[in-house]
Student: 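The structure follows.
Ligands are counted one by one from 1 in listed order, and the atoms in each one are counted from 1 as well. Note that the coordinates shown come from a computational prediction; the quantities given were computed from them, not determined experimentally.
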Amino acid sequence: MATQEETFKKIVAHCKEYGFVFPSSEIYDGLAAVYDYGQNGVELKNNIKRYWWDSMTLLHENIVGIDAAIFMHPTVWKASGHVDAFNDPLIDNRDSKKRYRADVLIEEQLAKIEDKIQKEIDKARKRFGDAFDEAQFRSTNVRVMEHQAHLDALHQRYSDAMNKMDLAELKQIIVDEEIVCPISGTRNWTDVRQFNLMFSTEMGSTADGAMRVYLRPETAQGIFVNYLNVQKTGRMKLPFGIAQIGKAFRNEIVARQFIFRMREFEQMEMQFFIKPGTELDWFEHWKQFRLRWHKALGLGDDKYRFHDHEKLAHYANAATDIEFQMPFGFKEVEGIHSRTNFDLSQHAKYSGKKIEYFDPETNTSYTPYVIETSIGVDRMFLSILCGAYREEALEGGDTRVVLGLPPVLAPVKACVMPLVRKDGLPEKAREIQDLLKFDFKTTYDEKDSIGKRYRRQDAIGTPFCITVDHDTLTDGSVTIRYRDSMEQDRVKIDDLHEIIRKATDMKVLFRKLMNA
Ligand code: ATP
């Protein structure tokens, strides 16, 4: 059995080998934490985006989209708090010269203690079998109680330090916990410093000098500054939402784990404007809707969980993450936040404009509250690949690598192949491809044995392979082969369209979302 780390390495290698994700500027040795999507990756990514976009704007009459610019007026980032507070606390190890996020080092320490507790519990469960009572064990076992007390104290200390952004205290925690650098193994740490994550550049070149502008670190602010425009021109009534997909940039200190943490990435964000006082109901509503959206893809319900935030940002009154079980643990893929009226009020204050909603029902004006759903396209992409990648042992000692992608997201829906490269079979195969290509992304492959061609399609997650043989020419039937079961059926050419449509129709997922 491959370890989780080996599996992850294989997935990264697979992404490159099969045209999903390449390191950026690879011929120049790449650029750290920046990646390009290849011919299959871009199809998968576009399908993810379409699934999200349509689930927002088609299924909800009261959600509309926008596409705001990446550059925004610099005061936007003053108002949003990003200039002053979009910082990570960083610390360097003097021996390895490696830089870490202090908060991440401490969180890893917390996870280690949790692991220790879990190990004790697993051991005891094995020993006691069915008679095992976990609650009782937790409250009586001395070792577990010691670990738990340590965990609680450290947790408290850590959240106090983070809430106050007390950098000296963060350093002290690292010292007291005897946390070592994973590379050098030493405790030779620098002080903790703040590091702003926004990229900046200069715009224009006038005699007075150029203006410093930022590359947006999130797409949300493009929505807030367009709230009035959309509300007025769209005559939108509360509650309503504005959705946006677009690039965001963060100068991440610790950029590891492939496309999980990138410096240039893409977000899909929706801000839902509501009447103050209704936010906790709407928060719950969006939490559940978003979880259904993930689960509808069928990668396994147990791979998702909520992680409610204990430490809330100063403007939020509820926040949760949807986490996915990656090979390196449960990790945040999406955040759902109740942001109160913080952003709109800030923009009203800094711009001097009145940013409110006139409620015709109560004849009053107020600043709407906001529920935000914010998901990274790239992290979603990674979660799908991790959930879909599998190696299967076949009869005869062979193995195959399959991407069990949800068919609706698969880059290629069907590959058409002539059994041999003669006797008019290639022409017939092309004819079939022509029948399908207006509705589905298809490919054609005539090289190598059929078995090899099947493997190539398995590796990119193509749900259907269609083989044209000599009988096809006389009886109009083909062999269709299913990716997951590897079973084969003989079907009429005329039925192909409907078979593929049924399996790859996004409407099926949408119905699941709406009928829950
Ligand atoms: P993290 O704690 O992992 O840095 P975050 O809480 O700062 O993430 P948000 O600001 O809530 O993230 O951003 C919303 C979503 O955008 C995240 O759930 C994630 O999917 C995505 N995202 C954020 N930063 C990155 C990044 N550097 N690379 C890829 N995706 C990202």
Side-chain angles (χ1 to χ4, degrees), residues 21 24 31-37 41 45 48-49 52 77 80-82 85-90 100-108 110-111 158 162 195-199 215-224 243-271 283 286-287 290-291 293-294 304-316 318-324 326 328-339 342-343 370-386:
V21 182
S24 155
L31 182 65
V34 185
Y35 291 90
D36 297 339
Y37 286 83
K45 199 175 180 216
I48 292 172
K49 288 196 269 187
W52 185 88
W77 306 110
S80 68
H82 284 82
F86 194 50
N87 298 316
D88 275 347
L90 67 87
Y100 299 91
R101 268 171 61 177
D103 56 329
V104 171
L105 286 179
I106 299 171
E107 275 173 20
E108 282 169 0
L110 286 164
Y158 167 57
M162 284 300 280
F195 179 81
N196 193 290
L197 297 178
M198 280 198 295
F199 284 100
L215 273 67
R216 65 180 178 199
E218 62 175 31
T219 57
Q221 299 304 322
I223 295 179
F224 293 126
Q244 176 169 220
I245 299 180
K247 288 276 180 139
F249 304 83
R250 296 182 187 179
N251 198 2
E252 299 279 2
I253 302 164
V254 185
R256 287 197 210 111
Q257 286 161 334
F258 194 40
I259 55 172
F260 182 78
R261 192 174 297 287
M262 302 156 93
R263 297 203 166 109
E264 171 179 342
F265 58 102
E266 204 164 0
Q267 288 186 314
M268 307 190 278
E269 295 197 299
M270 195 279 296
Q271 310 293 329
F283 176 71
W286 281 108
K287 248 177 96 166
R290 293 303 306 148
L291 186 64
W293 183 88
H294 287 276
Y304 303 90
R305 71 176 190 199
F306 284 123
H307 172 245
D308 293 329
H309 289 206
E310 289 160 44
K311 171 188 170 278
L312 295 175
H314 56 287
Y315 51 78
T320 196
D321 296 334
I322 295 179
E323 296 185 334
F324 183 84
M326 305 273 191
F328 44 93
F330 269 99
K331 295 286 168 193
E332 169 183 346
V333 172
E334 169 158 10
I336 298 150
H337 311 120
S338 171
R339 294 178 76 117
F342 174 78
D343 303 270
V370 171
I371 303 296
E372 161 182 87
T373 73
S374 171
I375 171 171
V377 181
D378 313 271
R379 273 195 203 174
M380 181 65 196
F381 184 105
L382 183 60
S383 69
I384 296 207
L385 275 176
C386 293

Student: Within the 3.5 Å criterion, strictly below it, is a donor on Q271 or E372 matched to an acceptor on the partner's side chain?
Tutor: yes
Student: Just so I know, are the side chains of V333 and M326 near enough to count as touching, which here means a heavy-atom distance under 4.5 Å?
Tutor: yes
Student: Quick check on contacts: which atoms of ligand 1 are under 4.0 angstrom from a heavy atom of E252?
Tutor: 24 (N), 26 (C), 27 (N)
Student: Identify the protein heavy atom lying closest to atom 29 (C) of ligand 1, giving its residue, its atom name and the separation to 0.1 Å.
Tutor: F260 O, 3.3 Å
Student: Would you tell me which option among E334, R379, M380 has the nearest heavy-atom contact to atom 19 (C) of ligand 1?
Tutor: R379
Student: Counting each atom of ligand 1 from 1 as listed, which ones have a heavy atom of H337 under 4.0 Å away?
Tutor: 11 (O)
Student: Taking the side chain as every heavy atom from C-beta outward, state whether D103 and Y158 have any pair of such atoms under 4.5 Å apart.
Tutor: yes
Student: Of the protein's non-hydrogen atoms, which lies at the shortest distance from atom 18 (O) of ligand 1, and what is that distance?
Tutor: E332 OE2, 2.7 Å
Student: In terms of residue, atom name and distance, what is the protein heavy atom nearest to atom 7 (O) of ligand 1?
Tutor: R250 NH1, 3.1 Å
Student: For atom 20 (O) of ligand 1, what is the nearest protein heavy atom, given as residue, atom name and distance?
Tutor: V333 O, 2.8 Å
Student: Could you tell me the residue and atom name of the protein heavy atom closest to atom 28 (N) of ligand 1, and the distance to it rounded to 0.1 Å?
Tutor: M262 N, 2.8 Å
Student: Could you tell me if the side chain of E266 sits less than 4.5 Å from the side chain of T219, heavy atoms only?
Tutor: no
Student: Which residue supplies the protein heavy atom nearest to atom 30 (N) of ligand 1, what is that atom called, and how far is it?
Tutor: F265 CD1, 3.4 Å
Student: Considering non-hydrogen atoms of the protein only, which is the closest contact for atom 4 (O) of ligand 1, and what is the distance?
Tutor: R261 NH1, 2.7 Å
Student: How far is atom 14 (C) of ligand 1 from its nearest protein heavy atom, and which residue and atom name does that atom have?
Tutor: S374 OG, 3.0 Å
Student: Do D321 and F330 have side chains that approach each other closer than 4.5 Å (heavy atoms only, starting at C-beta)?
Tutor: no
Student: Any N or O on I259 sitting closer than 3.5 Å to an N or O of ligand 1?
Tutor: no
Student: Should the ring pair H294 and Y304 be called parallel, tilted or perpendicular, given that the plane angle runs from 0 to 90° and is split at 30 and 60?
Tutor: tilted
Student: Do you know which of K331, R305, R379 makes salt bridge (Lys or Arg N to Asp or Glu O under 4.0 Å) with E323?
Tutor: R305
Student: Apply side-chain contact (heavy atoms from CB on, under 4.5 Å) to the pair K45 and D378, showing each step before the final yes or no.
Tutor: CA-CA 8 Å; K45 199 175 180 216; D378 313 271; 3.9 Å; yes
